[in-house]
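Here the structure comes first, spelled out in structure tokens, and everything after it is commentary.
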Amino acid sequence: MGEGVAASAAAAPSRLASWLRRRMKVVGRIEWRLPPYAGTKGLVLLFGATAVAGIVSAGRVDEVVSDFSRATGLVVDNVRISGQMETSEVAVLDKLQLQPDASLPFVDVDAARERIETLPWVQQASLRKIYPSTLKITIDERVPFAVWQHDQNLSVIDASGRVIGAANGSYGKLLRLVGKGADTRADEALALVDAYPAIRDRLRAAVLVSERRWDLVLDNGVTIMLPEEQPKAALDRVAAFDSGKDLLSKDIVVVDLRLGDRMYVRLTPDAAARRLAAIKEQEKLAKRKGAST
């Protein structure tokens with residue numbers, strides 16, 4: 001039995017050698033053909049890979065990209081900005097952060113857009129590459145909604161209450177919001193007067209008092225002092241009285257509605273003086289009539 005195993009083990013290398021010889025004969029009959037200029041192309045690829053590796057290791061990628069951009073005419077040499085009114089072009093260019101000889105294909109427009117949209121007046125920006133060398137920027141600015149007066153400062157805000165710039169004389173026709181918290185509660189003040197066109201059209205300022213209640217200032221200087229509770233009911237009374245007696249066009253400075261269902265009216269100084277003089281004159285006439293009887 002041992003001799004049979006030994007003979008089988010000895011025959012195995014012989015069979016393996018025979019199998020390898022047959023396979024080598026088959027491989028030898030295959031006609032190997034390389035593509036034309038395969039050697040040249042391989043050499044070029046080798047030199048190219050070596051050059052790239054050298055550039056990267058030497059830290060000269062930016063320099064090479066810049067040289068390539070100049071050679072191919074892809075350097076950004078024209079930036080067109082449109083749509084802006086309050087935002088300066090200098091501020092936009094500063095946020096763009098273009099390096100000298102910047103290559104248009106390598107400008108990260110998404111990152112640049114995010115930086116530009118941090119500018120106060122910019123609501124949205126879009127950037128487009130126009131080859132070979134132009135970058136076009138379109139600005140969509142925020143719409144001024146009101147002037148917020150706070151801590152002796154005047155700021156222009158949009159409808160959401162975001163401060164977008166310092167106020168100047170050109171914003172005099174905007175609604176003025178006064179007081180802490182008034183910037184984010186403008187919709188609340190406007191909702192109060194929305195049902196009363198005669199008051200809404202004359203509204204020039206809304207003053208938030210102690211963050212609890214509103215004073216409404218009209219274009220003729222009349223102040224309507226609303227209560228903290230049920231301000232709309234108070235406005236109902238003012239609107240009804242104004243409709244019948246033209247209250248808000250008289251010589252008054254204040255309509256005070258803070259005390260429940262009562263209404264107090266304060267006259268202008270001139271009107272108060274005239275009223276006082278009229279009362280005194282009536283008293284004199286009354287005395288004369290009493291003396292004559």
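Positions are given from 1 along the sequence.
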Side-chain donor-acceptor contacts of residues 187-195 below 3.5 Å, not counting sequence neighbours, with atom names and distances?
unit_1: E188; atom_1: OE1; unit_2: R185; atom_2: NE; d: 3.0
unit_1: E188; atom_1: OE1; unit_2: R185; atom_2: NH2; d: 3.3
unit_1: E188; atom_1: OE2; unit_2: R185; atom_2: NH2; d: 2.9
unit_1: E188; atom_1: OE2; unit_2: W214; atom_2: NE1; d: 2.9

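The heavy-atom pair separating L177 from A146 by the smallest distance is CD1-CB, 3.9 Å. Here the closest heavy-atom approach between residue L247 and residue M263 is recorded as CD2-SD, 4.1 Å. Nearest heavy-atom pair across A234 and L257 is O-CD1, 3.7 Å. Nearest heavy-atom pair across R176 and Q149 is NH1-OE1, 3.1 Å.
When each of L96, I130, N78 is tested with L135 by the rule side-chain contact (heavy atoms from CB on, under 4.5 Å), just one qualifies, namely L96.
For residues 155-167, the salt bridge (charged side-chain N to carboxylate O under 4.0 Å, His left out) pairs, not counting sequence neighbours, are R142-D158. Applying the salt bridge (charged side-chain N to carboxylate O under 4.0 Å, His left out) rule to pairs touching residues 221-242 yields R212-E228, sequence neighbours excluded. Note on residues 142-162: pairs passing ring pair (Phe, Tyr, Trp, His ring centres under 6.0 Å), not counting sequence neighbours, are W148-H150.
Formation of a donor-acceptor pair under 3.5 Å by the R213 side chain with backbone atoms of L226 is found in this model. Formation of a donor-acceptor pair under 3.5 Å by the K180 side chain with backbone atoms of E211 is not found in this model. Checked by atom type and distance alone, the side chain of D256 pairs as donor or acceptor with a backbone atom of R258 at under 3.5 Å. The backbone N or O of T118 sits nowhere less than 3.5 Å from a side-chain atom of K95 that would complete a donor-acceptor pair. E86 places no side-chain N or O within 3.5 Å of a backbone atom of E141 that could act as its donor or acceptor partner.
In this structure, the separation between CG on D201 and CG on L218 is 11.0 Å, given to the nearest 0.5 Å. Distance CD/Q84 to OG1/T138: 9.5 Å, rounded to 0.5 Å. To the nearest 0.5 Å, atom CD1 of residue I139 and atom CD of residue Q123 are 11.5 Å apart.
The hydrophobic cluster around L259 extends to Y264, counting ILVMFWY residues whose side-chain heavy atoms fall within less than 4.5 Å of a member. Taking Ile, Leu, Val, Met, Phe, Trp and Tyr as members and joining any whose side-chain heavy atoms lie under 4.5 Å apart, directly or through other members, the hydrophobic cluster of V254 also contains M225, V253.
In this model, no donor atom of one side chain and acceptor atom of the other lie less than 3.5 Å apart for T223 and D215.
Hydrophobic clustering (ILVMFWY, side-chain heavy atoms < 4.5 Å, transitive): L248 and F241 are in one cluster.
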